[in-house]
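Here is the structure we will look at, set down as structure tokens.
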Amino acid sequence: MKVYTICLKTYMIDQFAKDHSLPSFRITQFNLAYYKEFISSYDELSTWPKALREELKSAILFSTITPSTILESKDKGTQKIVFTRISDEKRFESVLMRHDDKRNTVCVSCMVGCPMGCAFCATGKMRFIANLTAREIVDQVLYFARILKKQKQVVTNVVFMGMGEPLLNLEQVMEAIRTLNNPHCMEFGIRRITISTCGITPKIYELMKLGYKGRLALSLHAPNQTLRESLMPIAKTYPLPELMSTVKAFATRTQLRVSYEYILINGVNDTPEHAKELVNLIGEDIEFVHINLIPYNPIPGVSFSRSTSRSIHEFADVLSEFGISNTFRVTMGDDIKAACGQLANS
Ligand code: SAH
Ligand code: SF4
């Protein structure tokens, strides 16, 4: 019997249907149950005859990842799952954030570890271990969709802000996005998907060429080249001026605001002078600019600390004075190390 478990494509169900000469309505039934009704096992695929379900069970894994640890923050707003991927038992993490405004955001990983080595990031400290496949990415979203369904809720947003750099695993990330967005699969709104990147300039061009219409977040974290290089090694390869103009071109093309992520680190990048430099870097064209100020989340072995609330307010005030839209991101789940940059399996 043919086994499809190692196939990387999300569409292996098509191949299964072809090999079994199934009529097309069987795929429609499968897609409805799996991607829209979020069944929790093939046994619930009740529109298929039992014998065919059994065939499917032995041919295609129901999920390519299994949860090994489930952690919930004290306020219950954040859930972190450590997943083990079935193919090689490597572990990575995903996070569900339930916001007060009813948004349920799934923060997915696209890699185990990350090769970028940013000075402030726990995932970067792990270095690169493996790329996740499109199916492993989609399976993270489906896992949370199944949990939320039991509470009559849905996943409202997907952000690539877990482990790894999405633009360095672009093929699998794009395939995952196509599956999420596909009307026959999850039919998840493209504008509810955000790719966050440390700034791989040529890959942002590639995203445009591929016609990606979702949101983009740029992890900026410094207002000048020297400081950025000291925090993010990749900045040496892709300097700020070209990166900024590329991101602006992306925003013009999609007509969507780009979120510039800026971690505030005490005494490093958080003075009013840094804020003014940031205003200059952004320039006059601020229509599609949003700056997301993020409190630094402490990670082991790094001596940085979080900015004081006074510096944070002063920083935000400078941005507001120049009319730049900004928010201060509420830290969610830091008691379970599920906050940004704290994802690393210990
Ligand atoms: N590699 C991508 C996406 C994953 S990182 C990127 O860098 O954008 C997701 C976000 O967490 C990024 O904005 C990243 O800069 C931020 N982050 C990393 N370490 C952090 C820390 N210690 N405290 C707060 N945010 C952090
Ligand atoms: Fe990688 Fe993003 Fe962490 Fe930098 S911040 S090491 S790019 S995951």
Side-chain angles (χ1 to χ4, degrees), residues 78 80 92-95 97 105-132 137 140 157-170 172-173 176 193-201 203-204 207 214-222 227-238 243 247 250 258-266 268-270 290-307 312 327-345:
T78 307
K80 176 169 99 169
F92 62 93
E93 302 174 352
S94 321
V95 180
M97 289 164 286
T105 302
V106 174
C107 178
V108 292
S109 290
C110 62
M111 290 178 177
V112 184
C114 180
M116 297 287 92
C118 301
F120 43 77
C121 176
T123 310
K125 302 283 166 219
M126 292 170 65
R127 297 173 190 265
F128 175 74
I129 297 171
N131 277 325
L132 296 183
I137 296 168
Q140 296 169 58
N157 299 75
V158 172
V159 295
F160 284 83
M161 292 189 183
M163 287 184 173
E165 170 49 49
L167 297 192
L168 291 185
N169 187 16
L170 192 53
Q172 297 300 315
V173 165
I193 296 175
T194 303
I195 291 181
S196 177
T197 177
C198 60
I200 319 276
T201 308
K203 296 279 179 184
I204 300 174
L207 264 189
R215 293 180 185 273
L216 183 69
L218 174 67
S219 293
L220 190 58
H221 311 317
L227 184 53
R228 195 162 190 268
E229 280 182 16
S230 74
L231 296 171
M232 306 174 74
I234 192 65
K236 295 188 192 98
T237 316
Y238 303 112
L243 174 60
V247 168
F250 178 91
V258 168
S259 180
Y260 295 82
E261 311 290 300
Y262 196 101
I263 303 173
L264 288 162
I265 309 172
N266 193 13
V268 174
N269 63 355
D270 66 343
H290 178 81
I291 296 183
N292 195 10
L293 300 172
I294 309 169
Y296 168 71
N297 293 315
I299 59 163
V302 174
S303 59
F304 293 149
S305 61
R306 194 174 277 191
S307 300
I312 295 168
T327 42
F328 179 56
R329 184 194 281 178
V330 184
T331 304
M332 294 183 78
D334 50 351
D335 56 329
I336 53 167
K337 297 220 177 311
C340 298
Q342 291 185 316
L343 298 185
N345 30 30

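A quick note: this is a predicted structure, and the numbers were derived from the prediction, not measured. Whatever order the structure lists ligands and atoms in, that order sets their numbers, starting from 1.
Heavy-atom contacts of Phe160 reach the following atoms of ligand 1: 3 (C) (cutoff under 4.0 Å). For ligand 1, the atoms sitting less than 4.0 Å from at least one non-hydrogen atom of Pro295 are 24 (C), numbered in the order shown with element in parentheses. Residue-ligand proximity, Cys198 to ligand 2, at heavy-atom distances under 4.0 Å covers atoms 7 (S).
Residue His221 holds the heavy atom nearest to atom 14 (C) of ligand 1 of all those in Glu261, His221, Met161. The closest heavy-atom contact to atom 6 (S) of ligand 2, among the options Ala122, Pro115, Gly124, comes from Gly124. Of all the listed residues (Gly164, Cys198, Ala217), Gly164 holds the heavy atom that lies closest to atom 1 (N) of ligand 1. Heavy-atom proximity to atom 4 (C) of ligand 1, evaluated over Ser109, Gly162, Cys114, is greatest for Gly162. Considering only non-hydrogen atoms, atom 5 (S) of ligand 2 lies nearest to Cys121 out of Gly117, Ala119, Cys121, Ser219.
A salt bridge links Glu93 to Lys80: one of the charged nitrogens lies within less than 4.0 Å of a carboxylate oxygen.
Taking 4.0 Å as the cut-off, Phe304 does not count as a neighbour of ligand 1 on heavy-atom distance. Using a 4.0 angstrom heavy-atom cutoff, Pro298 does not count as in contact with ligand 1.
For the residue pair Arg228 / Asn269, no side-chain donor-acceptor distance below 3.5 Å is found, with atom types taken as modelled. There is a side-chain donor-acceptor pair under 3.5 Å between Glu165 and Thr197.
Residue Ser219 has at least one N or O atom closer than 3.5 Å to an N or O atom of ligand 1. By the 3.5 Å distance cut-off applied to N or O atoms, Phe120 is counted among the residues near ligand 1. Distances between N or O atoms of Asn297 and those of ligand 1 include at least one value under 3.5 Å.
Judged purely by atom type and a 3.5 angstrom limit, Asn169 uses its side chain to pair as donor or acceptor with the backbone of Cys110.
Under 4.0 Å from ligand 1, the heavy atoms of Thr197 that appear belong solely to its backbone. At a heavy-atom distance under 4.0 Å, no atom of Met116 approaches ligand 1. At a heavy-atom distance under 4.0 Å, atoms from both the backbone and the side chain of Glu165 approach ligand 1.
The ring-ring contact (aromatic ring centres under 6.0 Å, His included) test applied to Tyr260 returns no partner, not counting sequence neighbours.
For the pair Ile193/Val159, no side-chain contact is recorded, criterion being any heavy-atom separation below 4.5 Å from C-beta on. At least one side-chain heavy atom of Val173 sits less than 4.5 Å from a side-chain heavy atom of Ile137.
Here the closest heavy-atom approach between residue Leu231 and residue Ile265 is recorded as CD2-CD1, 4.4 Å. Among all heavy-atom pairs drawn from Phe92 and Ser109, the shortest one is CD1-CB, 3.9 Å.
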Counting only pairs under 3.5 Å, give me each side-chain donor-acceptor contact of residues 111-120, with atom names and distances, residues two or more places apart or in other chains.
none

